[in-house]
Amino acid sequence: MKNLEIAKIFNEMADFIEMKEISFKSRAYRRVSRFLNSLEQDIEDVYYKGGVKELKKFPGIGEAIAGNIEEFIRTNKIKAYQRLKKECPVDLGELKKIEGLGARKIKILYEKLKIKNLKNLEKAAKAGKIGELDGFGEKSEKNILQSIEIAKSDKGRFLLGRILPIVRKIINEFKELPEVNKISIAGSVRRMKETVGDVDILIVSSKSEKIMDYFVQMKGVIKVWAKGKTKSSVRFRTGFDCDLRVVKKDSFGAALQYFTGSKEHNIMTRRIAIKNKLKLNEYGVYNKDKQIAGKNEKEVYKSIGLQYIEPELRTNTGEIEASLRQAQGELNQLPKLIKYNDIKGETHCHSDWSDGSATIENLAKIAKEIGYEYLVITDHASPLGIIHGLNEERILKQIEEIDRVNQKVSGITILKGVEVDIKADGSLFIEDKVLSQLDFVLGAIHSGFKMDKKTATERLIKAMKNPHIDAIAHPSGRVIQKREGYQLDFPEILKVAKKTKTALEINAHEKRLDLRDIHIRQAVEVGVKMTIGTDVHNVNYFKMMELGIAQARRGWAERKDILNSSSLDNFLKYFKK
DNA sequence: GCCGTTTTCGGCCCGACTGTTTTCAGTCG
């Protein structure tokens, strides 16, 4: 898969072009770079299928860029890129991490001081050479040095699950202020993206200066990047940046729409506004100079001819077109997304019988408190010693224990399940005879992550064809920022899943979120059902359900697509083979 | 460089903040 490699090169080409001129040419490259980053198909496959002509069917890809892609696929390099890089051989990735350094300034630094990377930059700044340059000054030099220190400890993007509680704490702190009339999370946190680069917060207040003063001195702030009347930006010690914007109440909806993004989504909505002879900015929708919408998001969308679009969908991957069609009267173009309180039971839960830490009884009580109708105990059945996997004998014993707990704890039903290892050849670690006594069987791959695509696909397909398998846990095996997971022929997996009525799990664990959003969307399209499970290992895991639901929503899933949003009866009925 | 129910040429989302500058370019989101 060369998508990401090409995307990276195009992004750098955009920077190099920007060094020479503020041009739309660089934007064209940047746009395709982003497009490739989110493209689910393998661009190489597309090329081999239909050549340059096929490539040019994608938005933003024309003659020149298609040629570049072709060149890379065939020769593994792009001459135009190499020429640009030769002119200014700098480590863009490193230098662009420094706040305030963009393409133009990086070029000046290279030309005047031969600065190529962070090391050169630090040396020059410490020697006081940067402040002497035209366009730079004492302050720039100081900021660069501070920024280098911060970049050294940079942790990259944060898991949504880690950042959410922190953001909610910040929000609650602001809510205490009398000057705050209204407050909302915005940006990628509001869109519930699985990883988050920085945090955006929007406040309605008529006393913006006071809010800003409070913001930049909040506990944990280690650097103020910018502080203005309506907009400020800081870095927290935890390692993330936080942007705060304050607007008047008449602009709240427009500001929220603008500040939530995504960038691509915003560009599209603004273009649509222009087509309608309107202007959309963060203060409202304007007809000439008259504000015609802005108080809330719904009216903002409506005023430019769109149906309201949920934040999780705002990625410019078809939601705007769907919204447009729906606004024009076609039904059900946008999904009626599953809601955050639609889940009726947990379907992936480990107890102290394997590698979980809580007893079945305790887990049952917690699940009941949450309001679940049912809880499936799915301890590992695996040869791996470290997780104390169950064998046939212990599964039968556990069935008795669950019967006992069901007697004792009322108001919730504990279902008998297992997470059984799928062996390298696709067969299961537990005999069918024992599996047949369980309510719900999850199949999972826990070893051999380096399989090739064909092997991995065949392995899963064989498991899905076992009549006792009800669902596949964390189907791709990826761990965010750690492990890619095995490659799968996903369309093929979906075909078999549909035929065998095997559900695919959306594992809600903050580090997994597997299925990915694009796969969920494909599953929804072909009608393959899913479950959302948090992979409980202790009682704190239950709350990650929110992340799994967010993932499902970003994959356009409705309630009907998610099996454990059904009542106990319907859930069980689905799996009656 | 890309693209077209206003166009095959002339547009391309829009505005805040900073620093270095005396009116604005660069950066950021």
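A, B, ... follow the sequence lines: proteins, then strands. Residue 1 opens every chain.
The gap from the C1' atom of B/dG11 to that of B/dC17 amounts to 28 Å, rounded to the nearest Å. Distance noted for atom C1' between B/dC12 and B/dT6: 16 Å (whole Å). Distance noted for atom C1' between B/dT8 and B/dA25: 33 Å (whole Å). B/dT18 and B/dG10 have their P atoms separated by 39 Å, with the value rounded to a whole Å. Here, B/dT23 and B/dG29 have their C1' atoms 24 Å apart, quoted to the whole Å. Going from the P atom of B/dT27 to that of B/dT21 covers 15 Å, rounded to whole Å. Taking atom P on both nucleotides, B/dT7 is separated from B/dG15 by 26 Å, rounded to a whole Å. Between B/dC9 and B/dC14, the two P atoms lie 25 Å apart (nearest whole Å).
A/Asn143 comes within 4.0 angstrom of the backbone, heavy atoms only, and of no base. Residue contacts for A/Ala103: at a heavy-atom cut-off of 4.0 Å it reaches the sugar-phosphate backbone alone, with no base atom in range. Contacts of A/Lys263 with the nucleic acid, taken as non-hydrogen atoms under 4.0 Å apart, include base atoms. Using a 4.0 Å heavy-atom cutoff across all strands shown, A/Leu133 reaches no nucleic acid atom at all. A/Arg31 comes within contact range of no nucleotide atom at all, as no heavy-atom separation falls under 4.0 Å. No engagement by A/Phe10 is indicated, since no non-hydrogen atom pair under 4.0 Å with the nucleic acid exists.
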- Message: Under the criterion ring pair (Phe, Tyr, Trp, His ring centres under 6.0 Å), I'd like the reasoning laid out for A/Tyr214 against A/Phe174: C-alpha separation, chi angles, the key distance, then a yes or no.
- Response: CA-CA 9 Å; A/Tyr214 184 84; A/Phe174 270 119; 5.7 Å; yes

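Remark: the A/Tyr258 side chain and the A/Arg270 side chain contain no N/O donor-acceptor pair separated by less than 3.5 Å. A side-chain donor from one of A/Thr260 and A/Arg190 sits under 3.5 Å from a side-chain acceptor of the other.
At least one side-chain nitrogen or oxygen of A/Thr230 sits closer than 4.0 Å to the OP1 or OP2 atom of B/dC17. Considering only side-chain N and O atoms, A/Arg27 lies nowhere under 4.0 angstrom from the phosphate OP1 or OP2 of B/dC12. A sub-4.0 Å separation between OP1 or OP2 of B/dC28 and a side-chain N or O of A/Tyr258 is absent. Residue A/Lys139 places at least one side-chain N or O under 4.0 Å from the OP1 or OP2 atom of B/dG19. Contact annotation: A/Arg270 does not reach the phosphate of B/dC14 (side-chain N/O to OP1 or OP2, under 4.0 Å). Residue A/Ser140 has no polar side-chain atom (N or O) positioned under 4.0 Å from OP1 or OP2 of B/dT18. For A/Asn266, no side-chain nitrogen or oxygen approaches OP1 or OP2 of B/dC14 to under 4.0 Å. For B/dC28, the OP1/OP2 oxygens have no side-chain nitrogen or oxygen of A/Lys96 closer than 4.0 Å.
Paired with A/Asp517 under the rule side-chain hydrogen bond (donor to acceptor under 3.5 Å, both in side chains), one option of A/Arg553, A/Gln551, A/Arg554 passes, and it is A/Arg554.
With a 6.0 Å cutoff to the six-membered ring centre and a 45° limit on the axis angle, A/Lys114 counts as a cation-pi contact of A/Tyr110. Seen from the ring of A/Phe72, A/Lys77 does not count as a face-on cation partner, given the 6.0 Å and 45° thresholds.
Of the candidate nucleotides B/dC2, B/dA16, B/dC14, B/dA16 has the atom lying nearest to any side-chain atom of A/Lys231. Here the nucleotide nearest the side chain of A/Tyr29, chosen from B/dG1, B/dC12, B/dT18, is B/dG1. Of the candidates B/dT18, B/dG15, B/dG1, B/dG15 carries the atom nearest the A/Asn281 side chain, counting heavy atoms from C-beta on. When distances are taken from the side chain of A/Ile267 to each of B/dC13, B/dC2, B/dA16, the shortest belongs to B/dC13. For A/Ala226, counting side-chain heavy atoms from C-beta on, the closest listed nucleotide (B/dG26, B/dT18, B/dA16) is B/dT18.
The 12-atom threshold is not exceeded at NZ of A/Lys295, counting heavy atoms of other residues, nucleotides or ligands nearer than 6.0 Å.
Protein atom CZ of A/Phe58 is 21 Å distant from nucleotide atom P of B/dG1, rounded to whole Å. Atom CG in A/Asp200 sits roughly 19 Å away from atom P in B/dG15 (whole-Å rounding). Distance A/Asp198 CG to B/dC28 P: 12 Å, rounded to the nearest Å. Summarising the geometry, the separation between CD1 on A/Ile211 and P on B/dA16 is reported as 18 Å, rounded to the nearest angstrom. Look at NZ on A/Lys248: it is 12 Å from P on B/dA16, rounded to the nearest Å. At whole-Å resolution of the value, CG in A/Asp15 and P in B/dG26 are 14 Å apart. Rounded to an integer number of Å, the gap from CZ of A/Phe136 to P of B/dT18 is 18 Å. Taking atom CD1 on A/Ile201 and atom P on B/dG29, their separation rounds to 15 Å, with Å as the unit.
Using Watson-Crick or G-U wobble geometry with both donor-acceptor distances under 3.5 Å, B/dT27 finds its partner in B/dA16.
Two residues, A/Asp243 and A/Glu63, neighbour DNA chain B, and the one matched to the more 5' nucleotide by heavy-atom proximity is A/Glu63. The nearest heavy atom of DNA chain B to A/Ile108 and to A/Lys277 marks one nucleotide each, and the one closer to the 5' end goes with A/Lys277.
Counting heavy atoms from C-beta outward, A/Ile518 and A/Ile520 have side chains that stay 4.5 Å or more apart.
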